[in-house]
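Every number for a ligand or one of its atoms is a count from 1 in the order of the listing. All values below come from the heavy atoms of this structure, side chains included, with hydrogens, waters and symmetry mates left out. Remember, it's a predicted structure, so these values are computed and weren't measured experimentally.
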Amino acid sequence: VAADNAYRPKIHFSPAAHWINDPNGMVYVNGVYHLFFQYHPYSSVWGPMHWGHATSKDLIRWQEEPIALYPDSLGYIFSGSAVVDVNNSSGFGKNGKAPLVAVFTHHNSRTEKERIDFQTQSIAYSNDNGKTWTKYDGNPVIKNPGIADFRDPKVMWHTATQKWIMTLATKDCVTFYSSPDLKNWTKESTFGKENGAHGGVWECPDLIEMEFEGKKVWVLLVSINPGAPNGGSATQYFIGDFDGHTFTTKQKDTRWIDYGPDNYAGVTWSNTGKRKLFIGWMSNWNYANQLPTQSWRNAMTIARELHLAKEGNELYLASLPVGELTKYETQQASLKNITIDERAAVIAKIGILHFPSGFNLTTTADADFTIRFYNKATGEELKIGYDKKANNYFIDRSRSGIVNFHSGFTAKHTVPRISTSKEIKLRLLFDASSVELFADNGLSVMTALFFPTEKYTHVELLSATKAIVKEVAYFTYKQAK
Ligand code: FRU
C-alpha cells in the first residue's frame, strides 16, 4: 500500500511487517545495541506476543533479526529486560563467557478469564550474544501472588548490596525484588501507591542509577495507561533514592519524561555504564491498533540520552536525541534575526521541505510563536510553537491529515515549559509521520505522530505578537538503511 511506504520512518526503527509495541530487553554487548520488542508476527494488530529482535551499532540504523522468544505453554511473552550476567551468577555461562539473561513476563491467555494469577516472571539465556535464547527449565521464577497486573520486570545490578534488583509493575505501584542469581527472588518493598499519577494501571518500570554533580541520584520511570497528561498512555518519572531495599522520594508533583501523546513504555539500555540511553514505543494505546498503515504498524522513538538538570532547587530528568544522530545530519540553511509579525519570508529561503529533517530554533521567551508545516494543495497543516501566556509548548495536529481513526487523535497537545531561561531553544526532529520536540535542552519533551495525505511541502513562522527569532537552522537526514 502506498500509504504504508509514505508513513514509514527513515531514521527510526519500524518492523518490516506487522505489529510492534513496547521496546524490551535492551542491552549493549560487544559494540552492538540490542533492541527486542513486543511483536505479533502474523498480524498488524496486537495479539499473541513474541519478542522480536533488532540490532544496531549506532542506535539509528537498525537491522531486524529473527524472532528471539516465542510463546510457550506458560503463555505469551510480555515485556521485560535483559542483562549481561558478568559474574555468571546464574550459572548459564559456557566456556568462561558471560551469558545474557532475559527476564520477562509470561502471560497465560488460557487462564486469564477465570483466574487472577495468569502473569508470572520467567527467564531465558543466550550464549551467542543474543542470537538464540534458551528458556530456563525452572520457569516461572516468580509466581503470581494474586495480582492481575503483575508484569514487565526490569533488572539491574545493585553494586552496594551485590544483588540483582528487579523492578516489577504491580497494578498501582511497583514492587522491588532482589536476587543473588536471577533465579531466586525475594520481595523487598513496594513504592508508589501514594505517589504520582494513578489514572491507569502501572506498567514497564525502570530504576536508573544516575549522577548529578558527583552525587548519586535514582530515577524511577513508570508508564501508565490510561491517565497521560495528553490522554491515553505516557511515562512518568520520580527522582529519589534507592538503598537496595526501598525507593524514597521527596518529589511532590507528577512529572513525565515526554508529555506528547506518542511515547510509551520506554526504558533504558543495560550495560552502557554511565551513559543512560532510552527508547520508547512511538504510539499510544488509545489508537495504536488503528493507525493508518496496514502491512506494518507502530515504530520506536529516536534513541535518547538522559541527563539530570537543575531548575530552581529541583532536579528534573531531561532527554535529547543521541549524539550518534549527527552523523546522518546535513545543515541546509541557517536564517538569522527574523522579525515576524505576520507571515515572514522564511518559506522561500528554506524551499521545499524534506523528510527526515530537523529544525533548531533560538528565540526569546517573551513572545508567542508558531512554526507551521503545511501543504498548499491539501491545506493540511501541523502547528508547533510556544504559548507565552500559558507558558507551554504545543503541537497542534488537529488538521494534520488523516485524523478520524480515533477521536483522541485530533488535538492540540501541550507540554509545560519548565526552564526559566530568557532564551528558548527548540529542537524538532521530523520523520515521515512523526515529530519529536525537545525544548530547553530536553527539559520539556513531546512526541507526536501525524499522517498527511500528501507530504507537507512548506514551512512558515507566525506570531500573534511581534517576535524576533534569533536563528532557525534547517537540517536534513540521510536515510538510515
Ligand atoms: C505496555 C504493555 C505491558 C505488557 C505489554 C503487552 O504497553 O501493556 O504492560 O507487558 O504491553 O504487549
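Separation of the Tyr177 and Trp185 ring centroids does not fall under the 6.0 Å cut-off.
When side chains are defined from C-beta on, Phe78 does not count as touching Phe104, because their heavy atoms never get closer than 4.5 Å.
Of all the atoms in ligand 1, the ones that sit under 4.0 Å from a non-hydrogen atom of Gln38 are 5 (C), 6 (C), 12 (O). Listed by number with element, the atoms of ligand 1 under 4.0 Å from a non-hydrogen atom of Met49 are 12 (O). Ligand-side atoms of ligand 1 in range of Ser79: 5 (C), 10 (O), range being under 4.0 angstrom from any heavy atom. Shown in contact with Phe78 at under 4.0 Å from a heavy atom are these atoms of ligand 1, numbered in order with element: 4 (C), 6 (C), 10 (O).
Asp181 and Ser90 form no side-chain donor-acceptor contact under 3.5 Å, judged by distance and modelled atom types alone. Side-chain polar atoms of Thr175 and Thr170 form a donor-acceptor pair below 3.5 angstrom.
Assignment of Trp285 to the shell around ligand 1 is supported, since a heavy atom sits closer than 4.0 Å. For Tyr264, the closest heavy-atom approach to ligand 1 falls below 4.0 Å. Heavy-atom distances between Thr105 and ligand 1 stay at or above 4.0 Å for every pair.
Here the protein heavy atom with the shortest distance to atom 10 (O) of ligand 1 is Asp152 OD1, 2.6 Å.
No more than 12 heavy atoms of other residues, nucleotides or ligands lie within 6.0 Å of NZ in Lys250, so this atom counts as exposed by the packing criterion.
Minimum interatomic distance between Val267 and Leu221 (heavy atoms only, all atoms of both residues): CA-CD1, 4.3 Å.
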